[in-house]
Amino acid sequence: MSLNAVKMDGYVKQMFIYFFLLSTISPSHAADAITPGQSITDGRTIISSGQTYELGFFSPGSSSARYLGIWLNKISTGTVIWVANRESPILDRSGTLNFTHQGTLLLQNRTKNVIWSSNNTKNGRNPVAQLLDSGNFVVRENNDENPENYLYQSFDYPGDTNLPGMKLGRSFRTGLDWTITSWKTLDDPAKGEYSFGIDPRGYPQMMYKKGDLIKFRAGSWNGIRFTGAARLRPNPVYRYEFVLNENEVYYKIYLLNSSVLSRLVVNASGVTERLTWIEQTHSWARFFAVGEDQCDDYNLCGANAKCNINNVPMCACLEGFEPKSARDWSYQDWSSGCVRKSALACAKGEGFEKHIEMKMPDTSRSWYNRSMSLKECEDVCSRNCSCVAFANTDIIKGSGCLLWFSDLIDLREFPGAGQELYVRMPASYLDGINKKKESKRRKRIGIFLCTILLGIGVLSLGLVLYIRRTKQKSQAKMRSITEKNCNIQSRNEDLDLPLIDLMTIMKVTDNFSNKNKLGEGGFGPVYKGVLVDGQEIAVKRLSVSSGQGVEEFKNEVVLIAKLQHRNLVKLLGCCIEGDERMLIYEYMPNKSLDFFIFDQSRSKLLDWNKRINIIDGIARGLLYLHQDSRLRIIHRDLKASNVLLDQDMNPKISDFGMARIFGGDQIEANTTRVVGTFGYMAPEYAVDGLFSMKSDIFSFGVLVLEVVSGRKNRGFYSHDHLHNLLGHAWRLWMEQRPLDLIEDMLGESGALSEIVRRVHVGLLCVQQRPEDRPNMSTVVLMLGGESSLPQPKQPGFFTERNLPEAESSSSCYKSTTSINEITITMLDPR
């Protein structure tokens, strides 16, 4: 052998040794996986590809013991979400996680004893152990990413945390239990006494336990939510999945935005809550928690009784039942529950009493069939003398059958969120109910007939007097209008606005026929018309008896004629002929904003992208009025019904009858004639008559919160307080729960940060003091930027006021009339 050959052979051996040693070195911090023969030693970690999660060794709290775990890497809170050897700590830093060629993970201590193992049920040919960006630590074949083929995954062995994409339930086939359990203490991740998971007995239901004691029952799945978790509702952050078949039962959530961090955790003190990380506040926001009120306590009211947190007392027997111990109930000890006033006899005439908005009773001893109809379910229950109640299993489809055969346990009323429960009642009870109903019906009919006869007499007399007085007022008003001669062309301003004759308008509106009527504004009806050239128009016809006089009509014409902006409604012309005063606008096919956002079905058409476009468009239109137009204009009646939507759902501010022009240096003005709409008016304007750009900005802030929440400020109702929408939004913000404000049906689009930012800007605009509110140029920058925003202060009109809830307002045209707002004109008592 030549010298060169010897040298080459030595070189090959050195390279072989080099690569062998390289393969056994622990992975760097940038790696997200290890391969057979590699290991992770204490002090080394692997990080998921998106940098979200990190796996390595750690010591919890003040403990010096070492555990192999996974924690959040993106935020510096030390949030651990999974522990491998939670029952077997390593007492020093000698721990090593080894990965065998068969695909088994082995955690060993200094003496090479196996502390923990993945215990794979099958071996791999070319395995890899990888930390996924979902937080799942998996062993899989190198070229197979199908979750169904994983050799091992940490998601199958949860600790105290459930992550999105992680099952919560049980496998009937493998026996895997996907229940999360608390740590023993903050320093010890061993299994504690609190757990949260699905109990598969009877019809499976979600439960929170302390040991074997049930503390809270989220209940069974009804197609939308677990019946005892009213706050678990559709939203733009999560999508829910519930699966029940012969192989498994589980509940799982999916994030609609992968950049969001969320977790369900049972902590060592027993608090169970779903948390979402809010980047703006650098804190966890609570989305859902167990035990938020006393009615969450399992079976608080005892058998056959229902709990309602809004009632005093909270507990009440079901209809046809009475307290088992009247003495205990008088001391508000409801644990003994209720018993029937009349026993069931399985006799003819027995039927069912319907209870609405209910949390379903404990289903651990129930029977179910998920393919039956409700009628079939009732028939089955009727034929079985032991059956005491029935209900649907799926309230969306109205299908499925649940039957109960003993006392009804852990009932609760959920106004607006529960479902119907049918309770079996004896014939004597139903006969009594029917007799009472018939007696009440006859009494109502008698009162109704007497009222009708009396009313006809009064109305007849009143109608005669009204017609006479209206005729006199109409004649006087027409004389006044004629004398004032509202001739727009006599003004010095060059309006460049065409006058359209009455006959033309009558022709294009089919003589103002009802079929062309778009709506009824506060100042008269609005009609649709089509000009000869095919252009669609909306004709606002000023009624003689309207509140808008000649000055308001002139004001609206002068103002709109001078304004040209894509987010302002365009005035095409006007008509002044005889007694008629009419404005001709461009036609808005999608009517007004309130037509959509306050209607449960139509609101679904406005996803988050459309809503953000509407909010930004209104902001740009208002900025134009305040700053960019030739005139500085204060609208004074900005609200949802005065924002019209074109065919592409672009917003256009309308109705300038109440608007005022400010001079170049003018900041605010005072009036004794306050006009506008309760719920949208700024405090300083409603109380003292002071209006300015800041009063318009207050109205804009109310509008933003209404668009985001889909709820009206006026008439807003919450079970937790008596605040209006502004107070509700402020309360949620202070509790770091801004997500609870958003509209249920916003859909899957939209970044969470954008939603929170709109809520933030809305609260800044409705602050109590005008000087604290931003101007519109700042608002536009806030909506379009990503910079940090100042913290809002307490809003104006923080709580609901007892004001009339009927609308009488001006609008270009509207399809409906809101019952929760009222446009006012009032004189200052000073």
Side-chain angles (χ1 to χ4, degrees), residues 20-29 31-47 53-71 78 80-132 135-141 150-161 174-193 268:
F20 174 79
L21 292 174
L22 185 63
S23 68
T24 61
I25 295 176
S26 298
S28 68
H29 291 274
D32 68 343
I34 57 175
T35 56
Q38 289 186 317
S39 62
I40 299 176
T41 58
D42 199 325
R44 295 280 183 172
T45 64
I46 60 173
I47 301 177
Y53 295 97
E54 186 172 9
L55 179 144
F57 290 88
F58 75 100
S59 292
S62 59
S63 172
S64 60
R66 303 295 285 174
Y67 296 86
L68 177 70
I70 301 172
W71 57 87
V80 177
I81 55 96
W82 180 76
V83 181
N85 56 320
R86 62 185 305 189
E87 303 290 345
S88 306
I90 299 175
L91 303 181
D92 54 28
R93 293 180 175 267
S94 64
T96 302
L97 178 67
N98 295 305
F99 188 39
T100 71
H101 289 275
Q102 292 74 36
T104 302
L105 294 165
L106 299 176
L107 179 61
Q108 297 175 298
N109 60 12
R110 183 186 301 277
T111 60
K112 303 303 179 182
N113 289 330
V114 176
I115 301 298
W116 170 87
S117 169
S118 59
N119 288 327
N120 304 357
T121 57
K122 57 182 179 180
N123 295 332
R125 293 188 299 273
N126 187 22
V128 61
Q130 183 179 20
L131 178 60
L132 304 182
N136 195 7
F137 186 40
V138 306
V139 177
R140 61 177 178 83
E141 294 291 351
Y150 287 163
L151 304 177
Y152 169 84
Q153 59 175 330
S154 61
F155 274 12
D156 277 342
Y157 304 92
D160 67 341
T161 302
T174 65
L176 285 172
D177 187 358
W178 302 304
T179 298
I180 56 175
T181 55
S182 67
W183 287 17
K184 185 173 291 186
T185 67
L186 293 176
D187 300 330
D188 186 356
K191 285 188 177 182
E193 55 184 347

Examine the side chains of Thr181 and Arg86 and answer whether a donor and an acceptor come within less than 3.5 Å of each other. yes
Side chain to side chain, Trp183 and Val80, heavy atoms closer than 4.5 Å: yes
Taking C-beta and beyond as the side chain, do Phe57 and Arg66 meet within less than 4.5 Å on heavy atoms? yes
Could you tell me whether the side chain of Asn119 reaches within less than 4.5 Å of the side chain of Tyr152, counting heavy atoms only? no
Quick check: does any side chain N or O of Asn120 sit under 3.5 Å from a backbone N or O of Gly103, one acting as donor and the other as acceptor? yes
Do Arg140 and Leu151 touch side chain to side chain, with heavy atoms closer than 4.5 Å? no
Is there side-chain contact between Leu131 and Ile47, with heavy atoms separated by less than 4.5 Å? no
Do Leu97 and Trp116 come within less than 4.5 Å of each other through their side chains, counting heavy atoms only? yes
Would you please say whether a donor-acceptor pair under 3.5 Å links the side chains of Glu141 and Asn126? no
Is there a side-chain contact (heavy atoms from CB on, under 4.5 Å) between Asp156 and Trp178? Walk through the geometry before answering. CA-CA 6 Å; Asp156 277 342; Trp178 302 304; 3.1 Å; yes
Does the plane of the ring in Tyr67 sit parallel, tilted or perpendicular to the ring in Phe58? Use 30° and 60° as the thresholds. tilted
Between the side chains of Asn136 and Ser154, is a donor N or O closer than 3.5 angstrom to an acceptor N or O? yes
Hey, are Thr111 and Asn113 close enough side-chain-wise for a donor-acceptor pair under 3.5 Å? yes
CA sep, side-chain torsions, deciding dist, call: Val139, Phe99, side-chain contact (heavy atoms from CB on, under 4.5 Å): CA-CA 10 Å; Val139 177; Phe99 188 39; 3.9 Å; yes
Does any non-hydrogen side-chain atom of Ile40 lie less than 4.5 Å from one of Ile46? yes
Starting at CD of Gln153, measure out to OG of Ser118 and round the result to the nearest 0.5 Å. 12.0 Å
So, for Phe155 and Tyr150, is the gap between ring centers shorter than 6.0 Å? no
Side-chain contact, heavy-atom cut-off 4.5 Å: Leu132 with Asp32? no
Sole candidate of Ile34, Ile70, Thr45 that passes side-chain contact (heavy atoms from CB on, under 4.5 Å) when paired with Leu55: Ile70
Distance col, row Asp188:CG vs Glu87:CD, nearest 0.5 angstrom, shows 8.0 Å
To the nearest 0.5 Å, what is the distance between CD1 (Ile115) and CG (Asn109)? 4.0 Å
When you check the gap from the basic side-chain N to the acidic O, do Arg110 and Asp92 get nearer than 4.0 Å? yes
As an exercise, state the distance from OG of Ser117 to CG of Asn85, rounded to the nearest 0.5 Å. 12.0 Å
With sequence neighbours left out, the residues meeting side chain to side chain contact (heavy atoms under 4.5 Å, CB included) with Asp177 are Arg170, Thr179
